[in-house]
There are 2 protein chains.
Amino acid sequence: MKTKKQVIFEEAAKLFQEKGYSAASMRDLADRVNLKASSLYSHIKAKEEILQKICFDNASHFTQGMDTVEKSGQSPEEKVRALLRLHLEIALDDPTSITVFNDEWKHLEEPHLTRFLNLRRDYENRFRTIIQEGIASGVFRSVDPTVALFTLLSSLRWIHYWHRPSRKIDREALLRDVTAILLNGLRSGK
Amino acid sequence: MKTKKQVIFEEAAKLFQEKGYSAASMRDLADRVNLKASSLYSHIKAKEEILQKICFDNASHFTQGMDTVEKSGQSPEEKVRALLRLHLEIALDDPTSITVFNDEWKHLEEPHLTRFLNLRRDYENRFRTIIQEGIASGVFRSVDPTVALFTLLSSLRWIHYWHRPSRKIDREALLRDVTAILLNGLRSGK
DNA sequence: GTCTATAACTTGATAGAC
DNA sequence: GTCTATCAAGTTATAGAC
């Protein structure tokens, strides 16, 4: 059984995705969970608390996934493949949340904004290092590692359009096609 | 010489990028152009007029670029290459505007919202057709054309981070690397 | 925990003097 | 065209009854 607090966070993620954080009001949110706006404050402290939870929960998923990938001892190529899977799984499992995470983090207040940007920068650096290793070993094409990094990172930002509940078969097909394009694109001709 | 109206539109694009359309107030904008908020209304009719201009100017650039590409009589592969260049040129020439175009169109009011979504859908359909032709002729990898389409479309959504004024050399290097990854990724092994 | 009432403030936009 | 003054509506959040 979901707690009311959980329901509030889930509906908030949907609402923030649809209207954006700033345009989404606490009255909108209250309507969706059949409460008056003031009653929301029995469950949460402030509107921004919801944004913080969405942003840092997602950041945590990415960081934990990166931890696993780094420990795996795989080749750079297999690591990139695993990271593409990680991004796609997160994007499909929590599509509204990931959209808010991608687009609305700018509305975090300090010190949370700085903390968030630090987490993101660390993740990007770890991803870039893997790409650089692949380039150094000749497996990956000789491109600017930052260009490759952001091309991969942003190429999945449409995935939430794709989401339909319980579509396990499509998920594997989607992963196969996306990986085919991006990983083959990254591979050198050798 | 720039008219005051032009300056207002340019500063608005920057402001909307930084804070998002909803969080950016007319008083914020007025401060940036050294006016009082009420004076803005001597130059524009409403806040949403600015958003409309940004969205539809960008849409027009993409549509005109697609017109040229379709008329070129090139192969699907060369057409995709030209479209990647089109996206990158637009993204680098007007980076704040393109960010607003990508993320803030949802705040358009009807009937502009529907008109915008129709333009976008038409553009996507024309792009998808080119990809399908490439797949049919065996030049492109056999993937879901919609997956390929959105992977390409979203892959440049980080470009505004890259922007520095007058960086013509980097522009060609950037285009070369992005094209190398995405076009080689799309190509079949044959 | 949920409500009504309301405080304290910000929003986009207009009226009218200069 | 720009200003001051202002409006009507909407914002997050709190106080206190039940």
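As the structure is a prediction and not an experimental result, all values here were calculated from the model. Labels below follow one simple rule: chain letters A, B, ... track the order of the sequence lines, proteins then strands, and each chain is numbered from 1.
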Exercise for the section: May I ask you to decide if the ring planes of B:Phe62 and B:His87 are parallel, tilted or perpendicular, using 30° and 60° as cut-offs? Expected result: tilted

Problem - Ionic contact status for A:Arg115 with A:Glu110, cut-off 4.0 Å - result: no

Practice task
Output all residues satisfying side chain to side chain donor-acceptor pair (under 3.5 Å) with B:Asp103, sequence neighbours left out; order by chain, then residue number.
Solution key: B:Arg157

Practice task
Give a yes or no on whether a salt bridge exists between B:Asp31 and B:Lys36, defined as a side-chain N under 4.0 angstrom from a carboxylate O.
Solution key: no

Handout entry: Rounded interatomic separation in angstrom, taking CG from B:Leu40 and P from D:dT4
Key = 14 Å

Practice task
Verify, without hydrogens or angle tests, whether A:Asn58 (side chain) and A:Ile54 (backbone) share a donor-acceptor contact under 3.5 angstrom.
Solution key: yes

Exercise for the section: Can you run down the salt bridge (charged side-chain N to carboxylate O under 4.0 Å, His left out) pairs that involve residues 77-90 of chain B, sequence neighbours left out, and say none if there aren't any? Expected result: B:Glu77-B:Arg187, B:Glu78-B:Arg81, B:Arg85-B:Glu89, B:Arg85-B:Glu172, B:Glu89-B:Arg171

Handout entry: Residues from residues 7-15 of chain B lying under 4.0 Å of DNA chain C - heavy atoms
Key = none

Exercise for the section: Measure the shortest side-chain to side-chain distance between A:Leu152 and A:Leu83 over non-hydrogen atoms and say whether it is less than 4.5 angstrom. Expected result: no

Handout entry: Lys/Arg N to Asp/Glu carboxylate O, B:Glu11 vs B:Lys14, below 4.0 Å
Key = yes

Practice task
Determine, stepwise, if the pair B:Leu51 / B:Val100 fulfils side-chain contact (heavy atoms from CB on, under 4.5 Å).
Solution key: CA-CA 8 Å; B:Leu51 182 63; B:Val100 175; 3.7 Å; yes

Handout entry: Distance in angstrom units between A:Glu109 CD and D:dT12 P, rounded
Key = 12 Å

Fill in the blank from the handout: In short, the helix from C:dG1-D:dC18 to C:dC18-D:dG1 is bent end to end, axes from five pairs each side, to 10°, by 0°

Fill in the blank from the handout: In whole angstroms, the gap separating P of D:dA13 from CD1 of A:Ile44 amounts to 7 Å

Handout entry: Heavy-atom check, side chain of A:Leu119 versus side chain of A:Phe56, under 4.5 Å
Key = yes

Pull out every protein N or O sitting under 3.5 Å from an N or O of nucleotides 2-5 of chain C, one pair per line with the distance.
from  : atom 1 : to      : atom 2 : distance (Å)
C:dT2 : OP2    : A:His43 : NE2    : 3.2
C:dC3 : OP2    : A:Lys36 : N      : 2.7
C:dC3 : OP2    : A:Ser39 : OG     : 2.9
C:dT4 : O4     : A:Ser38 : OG     : 2.8

Give me the distances for all protein-to-nucleotides 9-12 of chain C N/O pairs that come in under 3.5 Å?
from   : atom 1 : to      : atom 2 : distance (Å)
C:dG12 : OP1    : B:Ala24 : O      : 3.3
C:dG12 : OP1    : B:Lys47 : NZ     : 2.9
C:dG12 : OP2    : B:Met26 : N      : 2.8
C:dG12 : N7     : B:Arg27 : NH1    : 3.1
C:dG12 : O6     : B:Arg27 : NH2    : 3.2

Exercise for the section: Kindly indicate whether the side chain of B:Lys106, heavy atoms from C-beta on, has any atom under 4.5 Å from the side chain of B:Tyr21. Expected result: no

Practice task
With the side chain counted from C-beta on, respond yes when A:Val178 and B:Val143 share a heavy-atom pair under 4.5 Å apart, and no when they do not.
Solution key: no

Handout entry: Salt-bridge present (B:Glu18, B:Arg32; N to O < 4.0 Å)
Key = yes

